[in-house]
Asks: 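Mind having a look at this structure? Questions to follow.
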Amino acid sequence: MKTMILNKKFYRHKTLRVAKNLIGKYLVREIDGKKLRVKIVETEAYLGKSDKASHAFKNKRTDRTKYLYRCGGTVYIYLIYGIYYCLNIVTSSVYKPHSVFIRAAEPIEGIKEMKQFRKKNINDLKELTNGPSKLCQSLKLDKTFNGKKVYNPDSELVIMSSENVEKNYKINKSPRINIDYAREDKDKKWRFYLSNSEFCSN
DNA sequence: CTTGCGATCGCCT
DNA sequence: GGCGATCGCAAGC
């Protein structure tokens, strides 16, 4: 079974389902003729209007969050703490500002380049991509990717299916990380991760 | 215009 | 375990 780009329809489903289905898929970044490839091992679902942790809670729509209102498969990247970027993939239908937050991945290809894009000297492989902003550094992703489509073969960032070994994946769930402000939504088990993967965030 | 703060990380103790 | 970095963003005046 060959790996291929996931089509637009993959993202047009319930966000919790897409968040789980993205585990084990490949995130592929093309830069200067080089291919950087990682395997997604940890995600979180953000359910828009009804989710106190979501940037689009109560359908809040601003210059920053407008990308969440586009079709499934659209990139939403935001700046956090003035210095770091975080990657989301829009899901569900247009007008529902849902997304899947990509928290961690396993480096597969282009590791030399990823090490160069991260600031510090990395010896431990998992330190390249075991956090949402570490991942963005390693893949050199920033706000210029906003609005791009991960199902478009011409994009510099696409998501690809994995081999059929994914049938053997055991996926766990837990509450999402660092959303204490979300009150009654903070304990919802909307975080998914590959069981036994050492490449998950801390 | 002003102000308070964050879906993180790395360094410090 | 704690904390500071650093600035875009959104809310409030």
Side-chain angles (χ1 to χ4, degrees), chain A residues 11 14-16 18-20 22-23 27 38 40-70 72 74-92 96-107 114-147 150 157 159 172-194 197-202:
Chain A
Y11 306 95
K14 298 256 188 204
T15 306
L16 291 172
V18 180
K20 186 174 178 183
L22 276 172
I23 300 295
L27 193 55
V38 302
I40 298 169
V41 299
E42 184 179 344
T43 62
E44 287 176 355
Y46 285 83
L47 304 198
K49 180 184 178 181
S50 63
D51 179 1
K52 286 192 171 171
S54 171
H55 290 171
F57 177 54
K58 290 185 188 166
N59 278 341
K60 185 164 79 173
R61 188 179 184 129
T62 65
D63 269 348
R64 180 174 66 150
T65 64
K66 62 188 175 189
Y67 302 103
L68 290 170
Y69 294 82
R70 299 202 182 165
T74 301
V75 172
Y76 169 55
I77 291 183
Y78 65 92
L79 181 69
I80 186 71
Y81 301 111
I83 31 186
Y84 299 116
Y85 291 106
C86 290
L87 168 68
N88 282 253
I89 311 298
V90 176
T91 58
S92 194
K96 279 191 181 177
H98 291 206
S99 67
V100 173
F101 181 55
I102 311 295
R103 279 198 64 85
E106 174 181 346
M114 293 185 213
K115 283 181 176 173
Q116 289 168 356
F117 293 142
R118 290 266 287 140
K119 291 173 192 133
K120 33 178 299 205
N121 264 359
I122 306 288
N123 300 314
D124 192 355
L125 246 201
K126 61 178 183 285
E127 281 299 320
L128 282 175
T129 51
N130 66 349
S133 300
K134 294 177 186 176
L135 175 66
C136 284
Q137 281 181 15
S138 285
L139 298 185
K140 205 166 169 49
L141 298 175
D142 57 34
K143 284 199 302 178
T144 64
F145 280 78
N146 269 319
V150 290
L157 182 69
I159 298 181
N172 290 357
K173 50 184 166 179
S174 83
R176 295 171 291 180
I177 309 291
N178 281 343
I179 53 154
D180 287 348
Y181 58 87
R183 304 182 63 85
E184 70 264 27
D185 287 327
K186 78 179 168 63
D187 297 320
K188 303 273 173 64
K189 294 186 173 178
W190 293 347
R191 167 177 176 254
F192 300 88
Y193 59 99
L194 192 56
S197 173
E198 56 177 325
F199 295 94
C200 291
S201 67
N202 298 319

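Below, chains carry the letters A, B, ... as their sequence lines are ordered, and counting in each starts from 1.
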Asks: For A:Asp180 and B:dT8, give me the distance from atom CG to atom P, rounded to whole Å.
Replies: 11 Å
Asks: I'd like to know if the side chain of A:Thr15 pairs up with that of A:Thr91 as donor and acceptor (distance under 3.5 Å, no hydrogens or angles considered).
Replies: yes
Asks: Looking at A:His98, A:Arg176, A:Lys58, which one forms a side chain to side chain donor-acceptor pair (under 3.5 Å) with A:Asp51?
Replies: A:Arg176
Asks: Both A:Tyr84 and A:Lys60 contact DNA chain C. Which one's nearest nucleotide lies toward the 5' end?
Replies: A:Tyr84
Asks: When the distance from OH of A:Tyr67 to C1' of C:dG8 is rounded to whole Å, what number comes out?
Replies: 13 Å
Asks: Of A:Arg118 and A:Ile179, whose closest DNA chain B nucleotide lies nearer the 5' terminus?
Replies: A:Ile179
Asks: Looking at every strand, decide which applies to A:Ile83 at a 4.0 Å heavy-atom threshold: base, sugar-phosphate, or nothing.
Replies: base
Asks: Given atom NZ of A:Lys188 and atom C1' of B:dA7, what is their separation to the nearest angstrom?
Replies: 16 Å
Asks: Checking base pairs now: Watson-Crick or wobble, both atom distances under 3.5 Å. What partners B:dA7?
Replies: none
Asks: Counting Watson-Crick and G-U wobble pairs only, both distances under 3.5 Å, name the nucleotide matched with B:dC12, or none.
Replies: C:dG1
Asks: Could you give the CG-to-C1' distance, from A:Leu141 to B:dT8, as a whole number of Å?
Replies: 16 Å
Asks: Which nucleotide wins on minimum distance to the side chain of A:Lys120, given the candidates B:dC11, B:dG6, C:dC9?
Replies: B:dC11
Asks: Cation-pi between A:Arg70 and A:Tyr76: NZ/CZ under 6.0 Å from ring centre and within 45° of the ring axis?
Replies: no
Asks: Are A:Ser201 and A:Glu42 close enough, and set up right, to give a side chain to side chain donor-acceptor pair (under 3.5 Å), and what steps lead you there?
Replies: CA-CA 8 Å; A:Ser201 67; A:Glu42 184 179 344; 2.9 Å; yes
Asks: Check this one for me: any side-chain N or O of A:Asn178 less than 4.0 Å away from OP1 or OP2 of B:dA7?
Replies: no
Asks: Does B:dT8 have its OP1 or OP2 closer than 4.0 Å to a side-chain nitrogen or oxygen of A:Arg103?
Replies: yes
Asks: Return yes if the base of B:dA7 and the side-chain atoms of A:Asn88 contain a donor-acceptor N/O pair under 3.5 Å, otherwise no.
Replies: yes
Asks: Between B:dA7, B:dT8, B:dG10, which nucleotide has the shortest distance from any of its atoms to the side chain of A:Lys134?
Replies: B:dG10
Asks: Do we see A:Tyr46 stacking on the base of B:dA7, given a limit of 5.5 Å between centres and 30° between planes?
Replies: yes
Asks: Base, sugar-phosphate, or nothing: which does A:Arg191 touch, judged by heavy atoms less than 4.0 Å apart?
Replies: nothing
Asks: Phosphate oxygens OP1/OP2 of C:dA10: is one of them under 4.0 Å from a side-chain N or O of A:Arg64?
Replies: yes
Asks: Could you give the distance separating B:dC5 and C:dC3 at their P atoms, to the nearest angstrom?
Replies: 16 Å
Asks: Give a yes or no answer on whether the side chain of A:Tyr78 reaches the backbone of A:Cys86 with a donor-acceptor pair at less than 3.5 Å.
Replies: no
Asks: Could you check how far NE2 of A:His55 sits from P of C:dA11, rounded to whole Å?
Replies: 12 Å
Asks: Nearest-Å distance, OH (A:Tyr78) to C1' (B:dT8)?
Replies: 9 Å
Asks: For A:Phe57 and C:dA10, what is the distance between atoms CZ and C1' respectively, to the nearest whole Å?
Replies: 16 Å
Asks: Has the side chain of A:Thr65 got a donor or acceptor atom that lies under 3.5 Å from a matching backbone atom of A:Lys60?
Replies: yes
Asks: Both A:Lys143 and A:Tyr81 contact DNA chain C. Which one's nearest nucleotide lies toward the 5' end?
Replies: A:Tyr81
Asks: Under 4.0 Å from OP1 or OP2 of C:dA5: is there any side-chain N or O of A:Lys119 that close?
Replies: no
Asks: I want to check one thing: is the phosphate of B:dA7, taken as OP1 and OP2, less than 4.0 Å away from some side-chain N or O of A:Tyr181?
Replies: yes
Asks: Atom CD1 of A:Ile80 to atom P of C:dG8: distance rounded to whole Å?
Replies: 13 Å
